[in-house]
Amino acid sequence: MAILIGCSPQQAQAELAVGIDLGTTNSLVAWVGPDGQPRVLSDAEGPMVPSVIAFDAQGELLATGAAADARVHLDPSHTIYSVKRLMGRDAAEVVDELRLLPYQVHTEAGSAAVRVQVGQKRYSAPELSAFVLRRLKSIAEQALGRPVSKAVITVPAYFNDAQRQATKDAGRLAGLQVLRIVNEPTAAALAYGLDKGASGKVAVYDFGGGTFDISILHLHEGLTEVLATGGDTHLGGDDIDLALVEQLAAGLARQGLDVRGQPELLQRLRKDAIALKIALSEAETAERTLDLAPLTSRPVQWQMARAELEAVIAPLVERTLAPCRQALRDAGVQPADLSEVVLVGGSTRIPLVRQRVQELFGRPPHCELDPDQVVALGAAVQADIMTHSRRDMLLLDVTPLSLGIETVGGGIAKLIQRNSSIPASATEEFTTSVDNQTGVVVHVLQGDRELVRDCRSLARFVIPIQPMAAGLARVAVSFLIDANGILHVTARDVRTGREVTLEVKPSYGLSDSEVEQMLEAAFDNAESDIAERAFVDLSVEAEQLLRATDRQLRGPGQRLDAEERQDIEATMASVRAAISTRQADPLRQALEELSSATNHLAELAFGDAVNTAAHSQQVQAALAGDDDPAASKSHHANA
């Protein structure tokens, strides 16, 4: 067992903490080892854990991570992804996101909170994110060989109070003590500053799966100070994927193949769009074979050039540049004042993104660090700082939006301005506008507009006061933003000393009682969750095999005799029945029987593939004016 330097074994056990990048598309967990270096932890499936959760038809958990991701196109209505877009948000705020999602999202009666309907159950966004966090916790515990109970979790810099609180709720549900919530660009800069010993002003351009952030930071002798931050929580790689899906769907419709309104086909098309996007980041052209069964039995070849991709996504890339310009203005710096531009997030691998960033900032962006891992590494560094009381690094973050209270007439008095360093506090006195008021309503708001209707309501409460003439009462309102960016509000009647204090927990999070009930359920179901993992892996394999067998029966299977076809169809029915048992052993046996029954069918399919390849070679040789394919092959080899 590894022992942390400078600690007793008992201290090392107690103080182990990890850093977690809870992403829209993928999530990672990292820690700082005894050598002081941060590293990402992984299991057999690798370090990247898809932020995907799969359920059965009744709404019971099937899988998280890669096994769940494999089911997205097989069962889109019960496979949940892009949960981060729903965190801490109400129904009105997710209208645009719903077109991205094939599953059902509802608003609870009497609440603004959104819930995802899966079978007979409804899950909140923090509950769903907790499934991913539990998986990361398990990976860390297996890799390190001991329990993990503490974590630093990152969020987009532009996450508001409700979204940060929802992330804390998710961590608690996963059995983690969340030591701190850290902005993703700040975490990236923290890792960058340690690794490179950087000093100067740095721009961190973070274009991830679901959000975009820009931060301007000052690094100097261990101090990481955020000068300004901005972004768009409605913009990310998911939007690029959607734009490509719409482009592919429109092109297919022109060919008479309309996939719109068919969730399973659209999810398959989404996988193809992502594959094309990734391929075109490396090559000028890319090709993909689209499986559109049962719409058509023939595979459809789709070729795309990088220029076509760039034409589709250019408006989205341009949308990232306006927050960058605003952040530069807020920080009071020019592009020439920057010593480095750092790229974070998988979407920064796209050449057009790197090109536009270079043009805006006037210098090539820093691409040496893995954009997918740097946030998790920085979170691990922050976790190490907090658990070992290190003083050689200091992190000064900022609040992304202004905070204030409503005044008479629907205006806002801002107590804490955006881009203020946190922790932060402010106090201001207010008075009454009506005679003999017995209470003052304190309406807490977040945003940088001037009117209440244009900002987000965080909380509303009443402080009792002594009745007196208008303008004589004095109420002191104090705001305190802690290191996690969570707001605490105190209102005090100056004359009587009576006060009301609360931690602002917006209604879009979870109540303490709900969290406790969910934690109890998680502990009660831990054994069954582990037992189902083997079944989940087999069920994914089974569904893929059934689809392949069904396709082959419509092709080379036409040449089988009736008895063989009946035998295969009977074993396929046995596999489907075994899936319904949700038990690994019956399913494993049924798969073995299906594999044995389809031996002859596999031979026929292989023979057809060989004949097709040979025919294609003959056609190419004929087009080249060479009657002997073998000679043609020899000629090219010698050349």
Side-chain angles (χ1 to χ4, degrees), residues 21 23-28 30 38 40 47-48 154-158 182-196 198 200-219 224 226-233 235-241 277-278 280-282 306 309-310 313-314 316-328 331 333 335-379 381:
D21 175 6
T24 305
T25 308
N26 295 292
S27 297
L28 300 95
V40 172
M48 304 280 284
T154 62
V155 296
Y158 237 51
V182 175
N183 288 344
E184 289 166 3
T186 309
L190 195 57
Y192 167 77
L194 275 179
D195 290 346
K196 301 298 178 183
K201 295 181 176 67
V202 176
V204 182
Y205 178 100
D206 185 353
F207 198 6
T211 57
F212 168 71
D213 284 311
I214 177 68
S215 290
I216 310 298
L217 308 108
H218 184 207
L219 309 179
T224 302
V226 183
L227 300 178
T229 188
D232 189 338
T233 58
L235 178 62
D238 283 353
D239 299 279
I240 289 176
D241 300 340
K277 175 184 71 174
I278 293 172
L280 289 171
S281 293
E282 301 293 334
R306 181 183 289 176
L309 168 71
E310 292 178 345
I313 69 173
L316 297 172
V317 177
E318 291 302 310
R319 275 177 56 190
T320 69
L321 302 183
C324 293
R325 298 185 183 99
Q326 183 61 51
L328 287 169
V333 300
D337 299 328
L338 299 173
S339 58
E340 192 61 83
V341 178
V342 179
L343 297 184
V344 180
S347 298
T348 62
R349 286 190 169 93
I350 298 173
L352 179 64
V353 171
R354 295 187 174 186
Q355 174 191 330
R356 297 297 288 124
V357 169
Q358 180 171 341
E359 291 171 356
L360 175 65
F361 291 104
R363 68 185 64 247
H366 180 74
C367 306
E368 293 174 11
L369 295 176
D370 186 332
D372 288 316
Q373 296 190 6
V374 65
V375 168
L377 294 173
V381 170

For [X], what residues pass the side-chain contact (heavy atoms from CB on, under 4.5 Å) criterion, not counting sequence neighbours?
X      : result
Ala30  : Val40, Ala376, Leu377, Ala380
Leu321 : Glu318, Arg325, Arg356, Leu360
Ser215 : Ala157, Pro185, Leu217, Thr229

Practice item. Keeping the roles fixed (side chain from Arg354, backbone from Thr348), state whether a donor-acceptor pair exists under 3.5 Å. Key: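 Answer holds: yes.
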
Exercise for review: Indicate yes or no for a side-chain donor-acceptor contact from Thr24 to the backbone of Gly210 under 3.5 Å, with no hydrogens or angles considered.
Suggested key: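 Flag set: sc Thr24 to bb Gly210 pair under 3.5 Å.
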
Practice item. I would like to know whether Glu184 and Val344 meet side-chain contact (heavy atoms from CB on, under 4.5 Å); could you show each step before the answer? Key: CA-CA 9 Å; Glu184 289 166 3; Val344 180; 6.0 Å; no

Contacts table for residues 336-343: side-chain donor-acceptor under 3.5 angstrom, sequence neighbours left out:
{"unit_1": "Asp337", "atom_1": "OD2", "unit_2": "Gln334", "atom_2": "N", "d": "2.8"}
{"unit_1": "Ser339", "atom_1": "OG", "unit_2": "Lys201", "atom_2": "O", "d": "3.0"}

Point to revise | Student check: side-chain heavy atoms of Thr25 and Asp238 closer than 4.5 Å | key: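 In short, these two side chains touch, coming nearer than 4.5 Å.
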
Practice item. Could you walk me through whether Ile350 and Ile313 pass side-chain contact (heavy atoms from CB on, under 4.5 Å), step by step? Key: CA-CA 10 Å; Ile350 298 173; Ile313 69 173; 3.9 Å; yes

Point to revise | For Glu310, all residues meeting salt bridge (Lys or Arg N to Asp or Glu O under 4.0 Å), sequence neighbours excluded | key: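 Here no residue qualifies.
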
Practice item. Please round to the nearest 0.5 Å and tell me the distance separating atom CG of Leu28 and atom CE of Met48. Key: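 Atom-to-atom, Leu28:CG and Met48:CE are 5.5 Å apart.
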
**Study point:** Distance in Å, Leu235 CG paired with Asp213 CG, rounded so as to fall on 0.5 Å steps
**Key:**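 If I round to the nearest 0.5 Å, the distance is 10.0 Å.
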
Exercise for review: Could you walk me through whether Asp239 and Arg319 pass salt bridge (charged side-chain N to carboxylate O under 4.0 Å, His left out), step by step?
Suggested key: CA-CA 12 Å; Asp239 299 279; Arg319 275 177 56 190; 5.6 Å; no

**Study point:** Matching residue for Leu352 among Val317, Leu316, Leu309, Leu280 - test: side-chain contact (heavy atoms from CB on, under 4.5 Å)
**Key:**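 Exactly one option meets the side-chain contact (heavy atoms from CB on, under 4.5 Å) with Leu352, and it is Val317.
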
Practice item. Apply ring pair (Phe, Tyr, Trp, His ring centres under 6.0 Å) to Phe212 and list each qualifying residue two or more places apart in sequence or on a separate chain. Key: Tyr205, Phe207

Where is the tightest heavy-atom contact between [X] and [Y], given as atom of each residue plus distance?
X      : Y      : value
Ala331 : Leu227 : CB-CB, 3.9 Å
Gly208 : Ser347 : O-OG, 3.3 Å
Ile216 : Ala203 : CD1-CB, 3.8 Å

Point to revise | Atom CD of Glu359 with >12 non-hydrogen neighbours under 6.0 angstrom | key: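 Result for CD/Glu359: enclosed.
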
